[in-house]
Amino acid sequence: MDNIAIELRGIDKSFGPVHANKDINLKVRKGTIHGIIGENGAGKSTLMSILYGFYQADSGEIFVDGKPASIRDPNTAISVGIGMVHQHFMLVENFTVLENVMLGAEDSQILNKGIAKARQELKRLEKEYALEVNPDALIEELPVGLQQRVEILKALYRRADILILDEPTGVLTPAEADHLFRILGQLKAQGKTIILITHKLREIMAITDEVSVMRRGEMVATRTTRETSVEELAELMVGRRVLLRVEKGEASPGDVKLAVEGLTVKDSRGVTMVDDVSFEVRAGEIVGIAGVAGNGQSELLEAIAGIRRATSGTVLLNGRSVDVTGHRDPAELRARGLAHVPEDRHHVGLVLKFEESENAILGYHNDPRYLKGAFLDIDAIRKDAEEKIAKYDIRPPNARLKTANFSGGNQQKIVLAREMERGPDVLIIGQPTRGVDVGAIEFIHKRIIEMRDQGKAVLLVSVELDEIRSLSDRILVMFAGRVVGERSPEATEGELGLLMAGVEGRKEAAE
Amino acid sequence: MDFFHVLVVLLESTIRVSVPLVFAALAGLFTERAGVFDIGLEGKMLGAAFAAGAVAAVTQSVWMGLLAAILISILLSLVHGYASITQRGNQIVSGVAINFIVAGSTVILGEAWFRQGGRTPALAEGARFQTINLPGADAVREVPVLGPIYADLLSGHFLLTYLAFAMVPASWWILYRTRFGLRLRAVGENPGAVDTAGISVIWLRYRAVICCGILCGFAGAYLSLAMTAGFVKGMTAGKGYIALAALIFAKWRPKNVMFACLLFGFLDALAIRLQGTPLPLVGQVPVQLMQALPYILTVILLAGFIGKAIPPKAGGVPYVKER
Ligand SMILES: Nc1ncnc2c1ncn2[C@@H]1O[C@H](COP(=O)(O)OP(=O)(O)OP(=O)(O)O)[C@@H](O)[C@H]1O
Ligand SMILES: [Mg+2]
């Protein structure tokens, strides 16, 4: 019998009315990579946080290396060799990398001695695992990919033998994800045990040895990865068959609804983020913008939505010009038929402390339908929200629940419902399925195609190449702020990948 | 009196009035860097001043007075800590409540115990702090320029004055060079990071709050045992709020805190000096205007001159893991 690194028996946990983990049993073999998948809100993060001592289970037992371990807090988890990279990073942003790594493991009251030691140890880890980061850089100045590296270094610095990674690839570019998987492979070869949570079934198939599936707080199955398939896993997760690739008919493009001409955007430091970009989106077509995160897609989207000032260029919405360089008024754009699903739903799309129904009308609160004289018509608002909840299968179906208490996928649906149900002429969407499970992805993709078939013009930005390829009718690739090429969705992944890396594009632009 | 002499006198009183500000602002620095906002500096200082005055009057010992000041101030800090750390209450409300309770109860208790209209009895020499003459001060007084600076400006202050200014580098060292300081700054920015690093957020914040109590105790004791000989009702007169303004102005950094306090102290000293003396051109300046100057200055400077003051990110927010 193989060694079992971690065994969970009968773990149960509720947050108030939410039963997040129901009597969970799990065995993880030593020296393997064990995947955990499940829909948004299935309870994956909760389970792992219990293992790490961050939350306390209401009941249940934890065994580490066959011995019962009473993990009361992260400190005891660390002492039995467990390390965790959280879904939302636990870093002090205005501290240096070194300070973050040391925090909690300083080994003397006065810092100086510890600093020298930590520096040395960091250098060793850096070499051993190809985890380069400048120890003196401030966290807030690092891109997310490097921030994640710091989280991994934190765990390794504490000599973790069991490493939990909660959705590590959600924020990574494909190249960064590959690098991460190489590191995980190396750790496994050294005999370390890894638990990996991800929504990307391809990653599960590529790197894990075993995979466990959670659904609505329960552990529903564990499979040996070699003996299962993406289809089976998707079905286990959602409890029904899922279409992993949406079906769509031919597009029948009509008039130009959105025309962008020579748009240039600079950020607050004066760095050009969007460089002389021009394109058109017609009624009844989906134009996808592909690119590695950080190549100007976000800024482009924000400039069109009127959230960010452009330095030059013009935008025509429904044939009428929009003042993108001067006075911008997102409310007016909405009135003129533009709907915007922002990339960052937490910061831009939702007020997490509001109840669902309030978020469902955010920005449309002046619509006479929601007003009774000078006051909001609460009944009408709730009724409207309930209709959207039903139509978009938002769970739990409770319009009065605080938005923060919905899982990520359901929060995304709240934003989508609000923007799509307006019946806009032009819909611009950023990262529609970031951090969203396969069941919800299928639903969201179907809705986007429905919008197109109703004759809306759709502009889609996503860092998921698969998503871009399966939804778009035309693909524009952005690199370093410029559109470096246009391809049909039949283009191969390799071809698009080269464009995204800026290899092909330069040639093309030069010609 | 020549200009130089006036300047020395003015700076000397600047140092004198800055001391409670320095203590209180450093006190605020410790809690606020740990993520607990503290508008109750004023109340703690006042409570400490009363305790110092009362105990020193009864025991005739300055040291017992100082000890009482520190204990009372720590006690009030713990009340604030209990409300805002353990009970996760609103930190502003808790701070304001402490200010009100102390303002009222010092008068009631003072009247009940001493029957002098809320004052404590005037302290005899042994029951209050004495100024310290630095070695050789009298000998060098006649040396031009440097003499008066040493003898009148630097020498002749209270022990607590020297302590206050020594606390500035000491606080810096604690915050930036010790494990406690690293953790304290971290918990004010992201308590989640501290928690997942295996450190207790609650205990850490309590320790920060206790540091604040100790420093406010010194500030209060200085008021009633050094600056004056006894407690007078409401004797903090808004110093706790000025200290808070200084803290923001200083962007929560020890060295800047000292300079901000000295600047505000200088304005205060200037206001006292100018009282009743008409200025050339402008005539008599209303004293209220001078007293408002630190606040006006803070608003103006923060609005544009010194850039944004970014408070500790987790400041004012209780740490809640499970919603
Ligand atoms: N700290 C908390 N307080 C209250 N409820 C919580 C808390 N954390 C999670 N929940 C709830 O518990 C349930 C499970 O959440 P959890 O974060 O474990 O899901 P998940 O499987 O990790 O989902 P995702 O894929 O979106 O990350 C959800 O309904 C969530 O709203
Ligand atoms: Mg999660």
Side-chain angles (χ1 to χ4, degrees), chain A residues 13-18 20 46 49 52-56 58 71-79 82-86 88-96 98-115 139-140 150-151 154-155 157-158 164 352-353 402 404-405, chain B residues 29 32-35 88 90 169-205 207-208 211 250-254 256 307-323:
Chain A
K13 174 77 182 170
S14 298
F15 294 109
V18 181
T46 304
S49 297
Y52 188 63
F54 189 65
Y55 295 143
Q56 292 298 301
D58 299 332
I71 297 180
R72 278 159 285 130
D73 49 33
N75 207 7
T76 43
I78 294 167
S79 68
I82 300 176
M84 178 160 177
V85 175
H86 293 261
H88 305 285
F89 297 157
M90 297 291 187
L91 296 170
V92 181
E93 300 221 317
N94 59 0
F95 274 24
T96 63
L98 194 70
E99 287 171 326
N100 269 286
V101 170
M102 283 176 70
L103 185 68
E106 304 93 342
D107 75 29
S108 66
Q109 285 289 343
I110 292 166
L111 288 181
N112 270 349
K113 267 183 282 167
I115 288 179
I139 296 296
E140 58 199 357
V150 178
E151 285 282 23
K154 260 167 73 176
Y157 186 76
R158 281 148 227 256
I164 306 167
L352 292 176
K353 284 188 175 166
K402 211 165 80 171
N405 290 343
Chain B
L29 182 72
E32 301 213 344
R33 283 309 286 257
R88 299 170 187 156
N90 185 305
S171 301
W172 175 85
W173 188 79
I174 290 171
L175 282 175
Y176 291 91
R177 286 290 178 270
T178 68
R179 181 169 85 179
F180 172 61
L182 181 80
R183 294 178 171 187
L184 185 143
R185 285 182 291 130
V187 83
E189 290 291 328
N190 185 354
V194 169
D195 194 355
T196 54
I199 308 163
S200 162
V201 171
I202 293 189
W203 171 225
L204 190 52
R205 285 192 164 164
R207 282 193 287 170
C211 290
K251 300 183 180 177
W252 292 269
R253 282 174 215 285
N256 297 358
K308 227 161 99 191
I310 302 164
K313 221 183 258 143
V317 196
Y319 181 53
V320 185
K321 259 204 292 207
E322 306 188 9
R323 279 170 266 125

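Quick note on labels: first sequence line is chain A, next is B, and so on, each numbered from 1. Only this structure's heavy atoms are used, side chains among them; waters, hydrogens and symmetry mates stay out. Note that the structure is a prediction, hence the values are computed from the model and not measured.
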Enquirer: To the nearest 0.5 Å, what is the distance between CD on A/E140 and NZ on B/K313?
Expert: 6.0 Å
Enquirer: Checking side-chain contact (heavy atoms from CB on, under 4.5 Å) against A/L103, which of B/V187, B/V194, B/T196 comes through?
Expert: B/V194
Enquirer: For B/A193 and A/M90, which heavy atoms make the closest approach, and how far apart are they?
Expert: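 Minimum heavy-atom contact is CB-O, 3.3 Å.
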Enquirer: Is A/H86 close to chain B through its backbone or its side chain, or both, or neither, when contacts mean heavy atoms under 4.5 Å?
Expert: side chain
Enquirer: Find the one option among B/A314, B/P191, B/G188, B/A186 whose heavy-atom pairs under 4.5 Å with chain A are most numerous.
Expert: B/A186
Enquirer: Top residue by heavy-atom pair count (under 4.5 Å) with chain B, among A/S108, A/S79, A/G83?
Expert: A/S108
Enquirer: Give, for atom CD of A/E99 and atom CZ of B/R185, the distance between the pair rounded to the nearest 0.5 Å.
Expert: 5.5 Å
Enquirer: Is it the backbone or the side chain of A/F89 that comes under 4.5 Å from a heavy atom of chain B, or both, or neither?
Expert: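 The answer is the backbone of A/F89.
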Enquirer: Under 3.5 Å, side chain of B/N190 to main-chain N/O of A/L91, donor-acceptor pair present?
Expert: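 Judged by distance alone, yes, a pair lies under 3.5 Å.
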Enquirer: Does B/R253 have more than 12 heavy atoms from other residues, nucleotides or ligands lying within 6.0 Å of its CZ?
Expert: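 At most 12 heavy atoms, drawn from other residues, nucleotides or ligands, come within 6.0 Å of this atom.
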Enquirer: Below 4.5 Å from any heavy atom of chain A, which atoms of B/L182 appear? Answer side chain, backbone, both or neither.
Expert: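 B/L182 touches chain A through backbone and side-chain heavy atoms alike.
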Enquirer: Report which part of A/F95 has an atom under 4.5 Å of a heavy atom belonging to chain B: side chain, backbone, both, or neither.
Expert: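 Just the side chain, heavy atoms under 4.5 Å.
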Enquirer: So, taking the atom named CG in A/L111 and the one named CZ in B/F180, what distance separates them when rounded to the nearest 0.5 Å?
Expert: 12.5 Å
Enquirer: Can you tell me which portion of A/K113 sits under 4.5 Å from chain B's heavy atoms? Options are side chain, backbone, both or neither.
Expert: neither
